[in-house]
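Side-chain atoms are counted along with the backbone in the values below, which use heavy atoms only and exclude waters and symmetry mates. Sequence lines set the chain letters: A, B, ... in the order given, protein chains first and strands last, and positions in each chain run from 1.
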Amino acid sequence: MLPKAYEPQEVEKKLADKWQNAHLFAAKADPNKKPFVIVIPPPNITGALHMGHASTNTLQDVLIRAHRMFGEDAYWVPGTDHGGIATQNVIEKKLAKEQHKSRHDLGREEFVKVVWDWYNECGNAIYTQFRKMGWALDLSDIRFTMDDKRARAVYECFKQWWDKKYIYRGKRLINWCVRCSTALSDIEVEHLPENGHLWHLRYKGEDGSDGIVIATTRPETIYADAAIAVNPKDKRFTNMVGKKVIIPLANRAIPIIADEAVEMEFGTGALKITPAHDATDYEVGKRHNLPVMSVINDKGKMVNCPSTYLGMDRDACRKQTVKDLDEAGLLVKEEKYNHAVSKCYRCGSAIEPFMSEQWFVKMDEIAAPAIQAAQTGELAFHPANWKNPFLNWLKNIQDWCISRQIWWGHRIPVWYCRDCSKSGLTFATDLQGKEQLTKVSFEDGAKPIVSFDKPAQCPHCHGHDLVQDPDVLDTWFSSALWPMSVFGWPEKTPEMAHFYPTSVMVTGYEILYLWVARMVMTGLNFTGKLPFKDVYLNGIIRDKSGQKMSKSKGNVIDPLDMTAKYGTDAVRFSLLMQAVPSKDIPYSEESITGARNFCNKLYNASRFILMNMQGINGPLAMPTDVTELADVWILDRFTQAIKTAREGIEKYNLALSANTLYHFLWDDFCDWYIELAKQRFQTDEKEKVMALCVHILYNTLKALHPFIPFVTEEIAASLRPYVGAKEEFLLNDSYPVANETWTNENAQCQMAVVQGITKQIRTIRSQFNVPPALKITAVVSAADDKDLQTVRAYESYIKLMAKVENLTVGVNEPKPKQTATATFENLAIYVPLSGLIDFEKERKRLEKDLALAKANIASRQARLSQENFLKHAPQEQIDKTKAELAAAQTTLAQVTASLEDLAA
RNA sequence: GGAUCGGUAGCUUAGUUGGUAGAGCGUCCGCCUUACACGCGGAAGGUCACAGGUUCAAGUCCUGUCCGGUCCACCA
């Protein structure tokens, strides 16, 4: 005998292995089928999967499994991302912790080797987790953004863009992370609020006057000031423009200039211009031809400043500068100030705007086709409201800084000849005593040779001593090519021909610009086709109280812990039940128990049906002569549920599908159909009822399989012999199709009467504490015999479901003594309860009903007395209101009579 | 500063073209009724943030306000 509660752990392990070993998820590339393709957003190899991965990948898995069952050539491409800075940081921390070493202690080559070892370890851990989650990814054929084929794709892109002059080298103010010691692109910078200070500093006039007071949050940069700027409209400073003031502590004279960029209302209305350390100032400086002078170097240390501060850390220098200014009497005011500070999105340290020569991609031409695709709707967003932010970003796109001064990543495929590029190359000796190229300057004469492999000789001077550019590419550079590179692009592979473009990109909105936009641009640029036509942006997982999950807050829920505890299906289903478009998902352990309970319910319903199958030889054919109300009704319910489930999948509203199937299975199938079937198991109808049970259940399993693959697969295996299904796996079966001939509104109405009366009697039983074992009698009465036809026909249903022994149905039946009464539509329901009835309770119940009936009558009468309502409302609305009025009046009469009886 | 999403029962929320509000959890009551106590039956609980407007009719459409969230932006 099967255990009473479903125990997922063993089942899931068994099935996960079975699926993978059967290569169930492998690419079929069947030319006769419509492809449905998703490429996975490759997780970074920075550690274990978190709830965000669980969520987004489960959504993709449902789509893939469902479309496979729709008969399409569904293929989900697996892989991982090398993760650039993020991964390098993880390894650096690991090295520091385990060996007290920095990457410099190892040297570049050795360090990169360590990261590759880590990939083999961590990558495998991730693939194991893919398998555990039941995701339909063929793990015998995986991709990694740094493997050979993907590296080739990266090179091809670089080469083509270089040839088209999209890629160029330029010196400008870039975002520099002092901790990661690398440049970052604009979108890798986060602007986070910080409680800082606004210092008001006096710059004395060169002529010895009081000069001008400026406000700044960065006093340590005053040594790099090039000017003081005021708004040209600002009358306070009109006569000062053109004069010179002295930088405090540095004793250097700078001019006062006028520029529109200065906000008159902010601070003192005067702004110090420091072109080397602020992007706005850089622009102002360019307009006024100001010199650019850096006082902070790439390590965050002070340089080119008064000797007292030389070599100091920028933060320490800030403190010291403020102190010294105060002592010099030049600190006018210090106020607390909450403002946004640029932070590195990977390590959180403050970004330093930094003058530096870097590699860039010119974006405007590449962006243009993407803008058009979004505008025309060829590229569709789900939910649609992301279209505008997407367009906005593209229209204001800046050139993309693609070089990173880190070690882990795709090395820039550019080489230099040590002979003829000499003047532009800077070398340094690393801790291993090896000479390393550390800096390249095109301005100073470095001549690039673009090549994947080391060229045999220099094309310019035929020298043989060539060195590769020290930088690596932004990790998003390879990600941008992902939907093509996974299929072997730039090679003309059969996969590329069959599977590209893909169908939908499912990912979080936080990487819409970082990733999605770039895939769209590169895809269009290289293939002329969108990499996908739909973008499905899922919400992010938050904790119960709406907070983002983070390790520091201690509110993370580990999906692997949860699957171990409740089963993978439970974790998946809980996520899916809440996957409403455009909403973040508040997640807590309680939400998983609900889903776990559902899986258990499904399992037990199946167990019950299988128990009753004993002694019956399958397969049973689906009955064709279905006339019994319960059967007709459940087929209608099933049809409606399937229709909605499919619709949800097609419209990327998986919560709708999940909820619909949940209620169909639990409320309709278990609570009503199976309960009614129990009675029929005792009759010669048994085999027919069993056939229906088994077929409906099997089809429900199919419908649910994309959502909860394990438990459905497990049950299906036992059920197959009875339905005559051939496929070994549900995934190879077809998704149920709504059978319109099963739609039956009349059955819905009739069943509603049965359910309504049953509920009323149950309520009475409950209110008067009638023991469940005690059979009671009941009377259903109406003024008109036609209202009683359904009740008469399905007396047996009511008797079973409400536990009624004798049910009397008749026109104007007399009300027995000591009776609880209730009404349903035009029906009066009497339940004689001699000895059990509590008159006071009954009176309260009836008075409540009375009040409700009166309120209903009043509102319907009010509406019907409006001429405009009768004139404008559709006839069916008017009829409905009239019917409601009539019903309420009947109820009122019945309740009034009951109350009078009670008083007597 | 701009944009955008949301404010519905104690909590988390669903609500498809406007027709008078559903669910899960929690609470309370009664039940181990021959699948399931991860269960069954029942109950309580909502002037759908606020103010206007359109309409015969507004949770649903429009305008404004308040309160949250998020994204973008060079206010030092």
Side-chain angles (χ1 to χ4, degrees), chain A residues 2 4-6 187 191 198 214-218 221 229 261-268 270-274 278-284 337 339-340 353 383 385-386 388-389 392-393 396 509-510 512-513 539-540 542 544-546 548 566 570 577-578 580 582-588 590-591 593-612 644 647 651 653 655-656 659 662-663 667 670-671 674-675 678 758-759 762-773 801-803 859 863 866-874 876-878 880-881 884:
Chain A
L2 294 164
K4 278 174 93 170
Y6 174 58
I187 39 178
H191 303 272
L198 189 62
I214 60 96
T216 183
T217 54
R218 299 205 60 193
T221 63
V262 182
E263 299 279 333
M264 285 159 57
E265 292 74 28
F266 187 86
T268 64
L271 168 65
K272 74 189 201 66
I273 301 298
T274 319
D278 185 279
T280 314
D281 292 7
Y282 183 70
E283 295 303 318
V284 175
Y337 182 49
H339 63 133
N385 43 287
W386 283 104
N388 281 331
N392 252 333
W393 187 78
N396 297 312
Y509 54 76
E510 70 275 13
L512 182 62
Y513 312 128
I540 61 172
R542 297 171 175 280
K544 228 172 145 174
S545 51
K548 261 190 191 174
Y566 299 103
M577 294 275 284
Q578 295 183 83
V580 176
S582 84
K583 283 240 166 153
D584 287 346
I585 299 176
Y587 207 62
S588 65
E590 292 92 272
S591 63
T593 57
R596 187 267 321 261
N597 295 352
F598 175 70
C599 294
N600 189 242
K601 187 73 186 177
L602 177 62
Y603 168 83
N604 268 295
S606 309
R607 192 165 73 108
F608 180 66
I609 287 169
L610 285 166
M611 269 171 53
N612 281 284
T644 311
E647 201 182 288
K651 291 183 176 165
N653 187 346
L656 175 66
N659 281 293
Y662 175 101
H663 288 293
D667 302 349
C670 289
D671 290 350
I674 292 186
E675 287 307 320
K678 280 178 179 172
T758 302
K759 285 188 178 191
R762 281 174 174 174
T763 302
I764 290 170
R765 293 189 68 116
S766 179
Q767 299 245 308
F768 296 105
N769 295 326
V770 179
M801 299 303 279
K803 291 189 168 25
S859 81
R863 212 184 309 167
Q866 287 176 45
E867 243 180 81
N868 279 330
F869 176 71
L870 297 172
K871 216 192 287 173
H872 297 287
E876 64 174 68
Q877 263 320 310
I878 297 171
K880 195 181 153 199
T881 308
E884 283 166 358

- A:Pro586 side chain: which of B:rU4, B:rU13, B:rG19 is closest? B:rU13

- Which value, in whole Å, describes the distance between the P atoms of nucleotides B:rA49 and B:rU8? 6 Å

Taking only nitrogen or oxygen atoms into account, show me every contact under 3.5 Å that the protein makes with nucleotides 42-47 of chain B, one pair per line with its distance.
unit_1	atom_1	unit_2	atom_2	d
B:rG42	O3'	A:Thr763	OG1	3.2
B:rG42	O2'	A:Ser766	OG	3.3
B:rA44	OP1	A:Lys848	NZ	2.3

- Spacing of the P atoms in B:rA57 and B:rC11 (rounded, Å): 33 Å

- Message: Using modelled atom types and a 3.5 Å cut-off, is there a donor and acceptor pairing between side-chain atoms of A:Asp584 and backbone atoms of A:Gly539?
- Response: no

- B:rC28 -> Watson-Crick or G-U wobble partner, both distances under 3.5 Å, gives B:rG42

- Taking the same atom, C1', in B:rA21 and in B:rG1, what whole-Å distance lies between them? 39 Å

- Please state how far atom CZ in A:Arg765 lies from atom P in B:rC31, giving the value in whole angstrom units. 13 Å

- Message: Please compare A:Asn868 and A:Asn392 by the position of their nearest nucleotide in RNA chain B and report the one closer to 5'.
- Response: A:Asn392

- Item | Polar side-chain contact A:Arg542-B:rU12 base: donor and acceptor under 3.5 Å | no

- Side chain to side chain, A:Thr221 and A:Asp278, heavy atoms closer than 4.5 Å: no

- Just to confirm, is there a sub-4.0 Å distance from OP1 or OP2 of B:rG39 to any side-chain nitrogen or oxygen of A:Lys4? no

- Rounded to the nearest angstrom, tell me the gap between atom CZ in A:Arg596 and atom C1' in B:rC36. 12 Å

- Item | Distance in angstrom units between A:Leu656 CG and B:rU13 P, rounded | 18 Å

- Can you tell me if A:Asn388 and A:Asn392 form a side-chain donor-acceptor pair at under 3.5 Å? no

- Task: Ignoring hydrogens and angles, state whether a donor on the side chain of A:Asn597 or A:Tyr566 is under 3.5 Å from an acceptor on the partner side chain.
- Result: no

- Message: From C-beta outward on A:Asn769, which listed nucleotide comes closest to its side chain: B:rC36, B:rC29, B:rG41?
- Response: B:rC29

- Note on the structure: Residues A:Lys4 and A:Asn600: closest non-hydrogen pair is O-ND2, 4.1 Å

- Query: How far, in whole Å, is B:rC48 from B:rG59 if one measures between their C1' atoms?
  - Reply: 5 Å

- Item | Closest to side chain of A:Glu647, choosing from B:rA35, B:rU16, B:rC5 | B:rU16

- Pair assignment for B:rG64, Watson-Crick or G-U wobble, requiring both distances under 3.5 Å: B:rC50

- Quick one: does NZ or CZ of A:Lys601 land under 6.0 Å from the six-membered ring centre of A:Tyr6, within 45 degrees of the ring axis? no

- Message: Nearest heavy atom decides the nucleotide; on that basis, is A:Asp671 or A:Gln866 closer to the 5' end of RNA chain B?
- Response: A:Asp671

- Message: Between the base of B:rA14 and the side chain of A:Gln578, is there a donor and acceptor pair under 3.5 angstrom?
- Response: no

- Task: Would you mind reporting whether A:Cys670 and A:Phe608 have side-chain heavy atoms less than 4.5 Å apart?
- Result: no

- Looking across every strand, which nucleic acid part, if any, lies under 4.0 Å from A:Pro874 by heavy atom: base, sugar-phosphate, or nothing? base

- Note on the structure: Rounded to whole Å, the CZ-C1' distance (A:Phe869 to B:rU20) equals 11 Å

- Query: Applying a 3.5 Å limit to both distances, which nucleotide forms a Watson-Crick or G-U wobble pair with B:rA23?
  - Reply: B:rU12

- Message: When both hydrogen-bonding distances must be under 3.5 Å and the geometry is Watson-Crick or G-U wobble, what is B:rG1 paired with, if anything?
- Response: B:rC72

- Item | Non-hydrogen side-chain atoms of A:Arg762 and A:Lys803 separated by less than 4.5 Å | no

- Message: Is A:Lys601 close enough to B:rC40 that one of its side-chain N or O atoms is under 4.0 Å from OP1 or OP2 there?
- Response: yes

- Taking the C1' atom of each, how far is B:rG30 from B:rG69, in whole Å? 43 Å

- Mind checking the CZ-CG spacing from A:Arg607 to A:Asn604? Nearest 0.5 Å is all I need. 4.5 Å

- Query: With sugar-phosphate meaning primed atoms plus P, OP1 and OP2, does A:Cys599 contact a base, only sugar-phosphate, or nothing at under 4.0 Å between heavy atoms?
  - Reply: nothing

- Rounded off to whole Å, could you give me the CZ-to-C1' distance for the A:Phe608 and B:rC38 pair? 18 Å

- Query: Are side-chain heavy atoms of A:Lys272 and A:Thr274 found at a separation under 4.5 Å?
  - Reply: yes

- Gap in Å between the two C1' atoms, one belonging to B:rA76 and one to B:rG7, rounded: 36 Å

- If the P atom of B:rA44 is compared with that of B:rC50, how far apart are they to the nearest Å? 24 Å

- Write down the partner of B:rA37 under the Watson-Crick or G-U wobble criteria, each distance required to be under 3.5 Å. none

- Length of the OH-P vector between A:Tyr662 and B:rG24, whole Å: 6 Å

Sort me out a list of protein N/O and nucleotides 71-76 of chain B N/O pairs below 3.5 Å, or just none if empty.
unit_1	atom_1	unit_2	atom_2	d
B:rC74	O4'	A:Thr280	OG1	3.4
B:rC74	O2'	A:Thr280	OG1	2.8
B:rA76	OP2	A:Tyr337	OH	2.5
B:rA76	O3'	A:Thr217	OG1	3.3
B:rA76	N6	A:Glu263	O	2.8
B:rA76	N6	A:Phe266	O	3.3
B:rA76	N1	A:Glu263	N	3.2

- Query: Would you say a side-chain N or O of A:Asn597 is under 4.0 Å from OP1 or OP2 of B:rG39?
  - Reply: yes

- Message: Test your reading of the model: is there a side-chain donor-acceptor pair from A:Arg542 to the backbone of A:Tyr587, 3.5 Å cut-off?
- Response: no

- Between C1' of B:rG24 and CG of A:Asn659, the distance in whole Å: 9 Å

- Message: Between A:Lys583 and B:rG69, is there a contact of a side-chain N or O with OP1 or OP2 at under 4.0 Å?
- Response: no

- Task: With C1' as the reference atom in both, quote the distance from B:rU60 to B:rU70 in angstrom, rounded to an integer.
- Result: 24 Å

- Test A:Lys651 against A:Glu647 for salt bridge (charged side-chain N to carboxylate O under 4.0 Å, His left out), laying out the working first. CA-CA 6 Å; A:Lys651 291 183 176 165; A:Glu647 201 182 288; 3.7 Å; yes

- Message: With a 4.0 Å limit, can you tell me whether A:Lys678 has a side-chain N or O closer than that to the phosphate oxygens OP1/OP2 of B:rA35?
- Response: yes

- Task: Rounded to the nearest angstrom, tell me the gap between atom NZ in A:Lys871 and atom P in B:rG19.
- Result: 23 Å

- Query: In terms of heavy-atom contacts, does NZ of A:Lys678 have more than 12 from other residues, nucleotides or ligands at under 6.0 Å?
  - Reply: yes

- Message: Please classify the nucleic acid contact of A:Glu867 as base, sugar-phosphate, or nothing, using heavy-atom distances under 4.0 Å.
- Response: nothing

